[in-house]
Each structure stands twice: as structure tokens, then as C-alpha cells.
Engineer: 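Handing you a structure now.
Residue numbers begin at 1 in each chain, while the letters A, B, ... track the order of the sequences.
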There are 2 protein chains.
Amino acid sequence: METNNLKKAGLKVTLPRMKILEILETSETRHLSAEAIYRELLDSGEEIGLATVYRVLTQFEAAGLVCRLHLEGNQAVFELERGGHHDHIVCNQCGRVEEFFDETIERRQSEVAQQHGFSIKDHALVLYGDCLDSACPYRPA
Amino acid sequence: METNNLKKAGLKVTLPRMKILEILETSETRHLSAEAIYRELLDSGEEIGLATVYRVLTQFEAAGLVCRLHLEGNQAVFELERGGHHDHIVCNQCGRVEEFFDETIERRQSEVAQQHGFSIKDHALVLYGDCLDSACPYRPA
DNA sequence: GTTCAGATGATTAAGATTCTCATTTCTATT
DNA sequence: AATAGAAATGAGAATCTTAATCATCTGAAC
């Protein structure tokens, strides 16, 4: 049961938190904006305010349950934390977000930081391009 | 003379544009927010509106004169385009921004994108850490 | 120096996110 | 199960950054 995640994170189990967690767990799209989550809640008949969605997501982030990503564009997106760290590729055409992890890049980042006299704590890497997937509805000819 | 840069970029040479370009060229900090540039203008006695600063920076970006960076935090920062592409390291403590370029990372990014069926067009990479510079005023003990 | 397109400044507007505060909901305890 | 107290919620206001509007001003060309 998902309520365990909430309890483990030290968060009181409430209906809004459960519903939001459920959406993050079951949605097709793994990367959702607060607005998108809010709309899904409305669609499923929940009366949960947008402010609560933002508040809960911020708490989830602090608790390590979700990651917040700042892609190009103004809205942040949130994804469920599923263990491993990874970076992202975003399609400029269709907006699809894919995940990847590259050991070489990770290692070089640490080395470069060290060379510059930094103790690296975190990083943000997003690649932007056009996906060549034949299923992409916006694929350029 | 700097007016050449403006003319070459196809922009009419006006006082606000010259002053903003001058600040970007001469400021100690190579990465400035629109707000910071606006304040420098006020401090030097120029009566230039904030809206103009944003407008001009957007034009400079479109003309390839400056780059706009979205670091953590809400304000974008702008830096003069000085030829080569590079990525950034930001100090979590003092906010200092350093630049770096790593051939290996660049190459791997293309390869990774290709493996995922993307034709990469752009990327954003920012490393966050603590700078170990003894001159850093916020250096942790 | 006049003209006129383009630029500017002040203000308003827009979008995303956070804050406020009265009301409601959990959890622990009877 | 009833209750009390702390924490969470919802609605709307507030904030912050950036962009749009529009009347006025400026720079380049004649």
C-alpha cells in the first residue's frame, strides 16, 4: 500500500497526498507539471486546490519522494523518485521526455568540478533535440 | 568601438542598447540578471526602464550577442557571447559562476542522444557544488 | 532640420508559484 | 466511538519575473 511511502517520509497520510502520489505512480507521462496533476485531479472528481498540489509536491520533493525538473519553458515538472539518478532528453517537437544515465558523463563532471576547485553536490543536464521516432506526431519531414 | 557589434547584429544604435552592452562588457561579474543590469544603470545615473532592459536583452539573445542561462533560482542571467560554447559550475555557497568546456562530455551527449533516437540540437548543463576557493566569503569550515 | 520607422518608458498584464488565514481533517487519547 | 489538538487544506490574495500595450521620443536618412 502506498500510504507506507508517506509514513516513511514522515508525512501525515491525507487524501490529497494519497491522490497526488497515485497520479504520479500511475500516469502514462512520468513527468508532470503541478498544473497537469491538478487537472487530472479535477478530471477524476477530486476537489483538491492548486495551492495544495504545489504544497504537497514541494513536501514530496523535500522528503525525496519526487524530483523537480526545470526544463525550458516556465513550468517545472515533477517525477517520482525511483531510485537511480538520471538525466533527460527532451524532444523540441513533441515534448516527449526520455531518461538516460551515462557513467562517462557523470565521471567527467566530477573531474571537471574538481579541476575547478569545486566539490560537486548536484547537477542538471538536459539535452534538447528532435526525436526521430516514427510515432512522433510532430516529426519533421 | 562597440557600436559595431550592434550594427553588425542589425540593431539600431541607441543609448540604452549601448549602455547595456557596456555593462555586459565591463562588469566584474560575467553573469548578470536583468534586474542587476537595471540597478547598475540606475547607479550610473541612466534613466532606462526595466522593460527596456528585458526587451534589449531578448533582442541581444536573438541576435546572438548574449546567452540566457536558467540557473536554479527564479531569475535568468545573461552573459556576453564570447565565441565558444561552454557549460557552468555554480557555487551553492557564494553564487560564483565558473565556465568550463569538456570535449568528452560534449561527445558523449551526442552519442547518448543518438542512441535514444534523438538528433541533438542543444543542451543545458549546470554543476552545483561548493567552491573550495579560500577567497570564498561563505566557505564552509 | 524634417520625417518616420523604430525604440523607449511607464504602466498594466500574464503566468507560475507561494502565502494567508479561516475551516477542515488526521491522529492520538480518552 | 467521541474528542481535542496539531497539522493540512482551499480559496483567494500576494509575489516575482517577464512580456505586452501604447503614447511619446529618438536616431538615421534625406
Engineer: Quick one: salt bridge (charged side-chain N to carboxylate O under 4.0 Å, His left out) partners of A/Glu46, sequence neighbours excluded?
Structural biologist: A/Lys19
Engineer: Under 3.5 Å, is there a donor-acceptor pair linking the side chains of A/Arg55 and A/Thr52?
Structural biologist: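 Judged by distance alone, the side chains do pair up.
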Engineer: Decide yes or no on side-chain contact (heavy atoms from CB on, under 4.5 Å) for A/Leu80 and A/Leu21, but give the supporting numbers first.
Structural biologist: CA-CA 8 Å; A/Leu80 208 57; A/Leu21 193 50; 3.8 Å; yes
Engineer: Can a donor-acceptor pair be found, under 3.5 Å and without considering hydrogens, that links the side chain of B/Arg17 to the backbone of B/Lys12?
Structural biologist: yes
Engineer: For A/Leu6 and C/dT25, give me the distance from atom CG to atom C1', rounded to whole Å.
Structural biologist: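 The distance from CG of A/Leu6 to C1' of C/dT25 comes to 15 Å, rounded to the nearest Å.
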Engineer: For B/Glu106, give me all partners under salt bridge (charged side-chain N to carboxylate O under 4.0 Å, His left out), at least two apart in sequence or on another chain.
Structural biologist: none
Engineer: Can you give me the N/O atom pairs linking the protein to nucleotides 28-30 of chain D at distances under 3.5 Å, or say none if there are none?
Structural biologist:
none

Engineer: Return the value, rounded to whole Å, for the distance between atom OH of B/Tyr38 and atom C1' of D/dC16.
Structural biologist: 15 Å
Engineer: Please round to the nearest 0.5 Å and tell me the distance separating atom CG of B/Leu41 and atom CD1 of B/Ile48.
Structural biologist: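 One finds 4.5 Å between CG of B/Leu41 and CD1 of B/Ile48.
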Engineer: When the distance from CG of B/Leu57 to C1' of D/dT18 is rounded to whole Å, what number comes out?
Structural biologist: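 To the nearest whole Å, that distance equals 11 Å.
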Engineer: Using a heavy-atom cut-off of under 4.0 Å over every strand shown, decide if A/Arg17 touches base, sugar-phosphate, or nothing.
Structural biologist: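 Counting heavy atoms under 4.0 Å across all strands, the contact made by A/Arg17 is with sugar-phosphate only.
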Engineer: I'd like to know if the side chain of B/Glu79 pairs up with that of B/His86 as donor and acceptor (distance under 3.5 Å, no hydrogens or angles considered).
Structural biologist: yes
Engineer: In this structure, how many angstroms lie between the C1' atom of C/dT8 and the CG atom of B/Leu11, rounded?
Structural biologist: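 Taking atom C1' of C/dT8 as the reference, CG of B/Leu11 is at 14 Å.
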Engineer: Using whole Å, report how far CG of B/Leu15 lies from C1' of C/dG9.
Structural biologist: 13 Å
Engineer: Nearest whole angstrom, please: distance from the P of C/dG9 to the CG of B/Leu42.
Structural biologist: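 Atom-to-atom, B/Leu42 to C/dG9, this comes out as 11 Å.
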Engineer: Expressed in angstrom and rounded to an integer, what is the separation of B/Arg55 atom CZ from C/dG6 atom P?
Structural biologist: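 That distance rounds to 15 Å.
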Engineer: In residues 46-54 of chain A, which ones come under 4.0 Å of DNA chain D, going by heavy atoms?
Structural biologist: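 Per residue number, the list reads A/Glu47, A/Ile48, A/Gly49, A/Ala51, A/Thr52.
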Engineer: Is it the case that the side chain of A/Ser33 and the backbone of A/Ala36 share a donor-acceptor pair, with hydrogens and angles ignored and the cut-off at 3.5 Å?
Structural biologist: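 The answer is yes, because a donor-acceptor pair under 3.5 Å joins these two groups.
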Engineer: Can you run down the ring pair (Phe, Tyr, Trp, His ring centres under 6.0 Å) pairs that involve residues 30-75 of chain A, sequence neighbours left out, and say none if there aren't any?
Structural biologist: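 For residues 30-75 of chain A: A/His31-A/His88.
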Engineer: Is the distance from OP1 or OP2 of C/dA16 to the nearest side-chain N or O of A/Ser33 less than 4.0 Å?
Structural biologist: no
Engineer: Keeping the roles fixed (side chain from B/Ser27, backbone from B/Leu24), state whether a donor-acceptor pair exists under 3.5 Å.
Structural biologist: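 The answer is no, because no donor-acceptor pair under 3.5 Å joins these two groups.
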Engineer: Please give, in whole Å, the distance from D/dT17 P to B/Leu32 CG?
Structural biologist: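 Going from B/Leu32 (CG) to D/dT17 (P), I get 15 Å.
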Engineer: Should A/Phe118 and B/Leu132 count as side-chain neighbours, where that means a heavy-atom distance under 4.5 Å?
Structural biologist: no
Engineer: So which of residues 60-78 of chain B are in contact with DNA chain D, with a heavy-atom cut-off of under 4.0 Å?
Structural biologist: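 The answer is B/Asn74, B/Gln75, B/Ala76.
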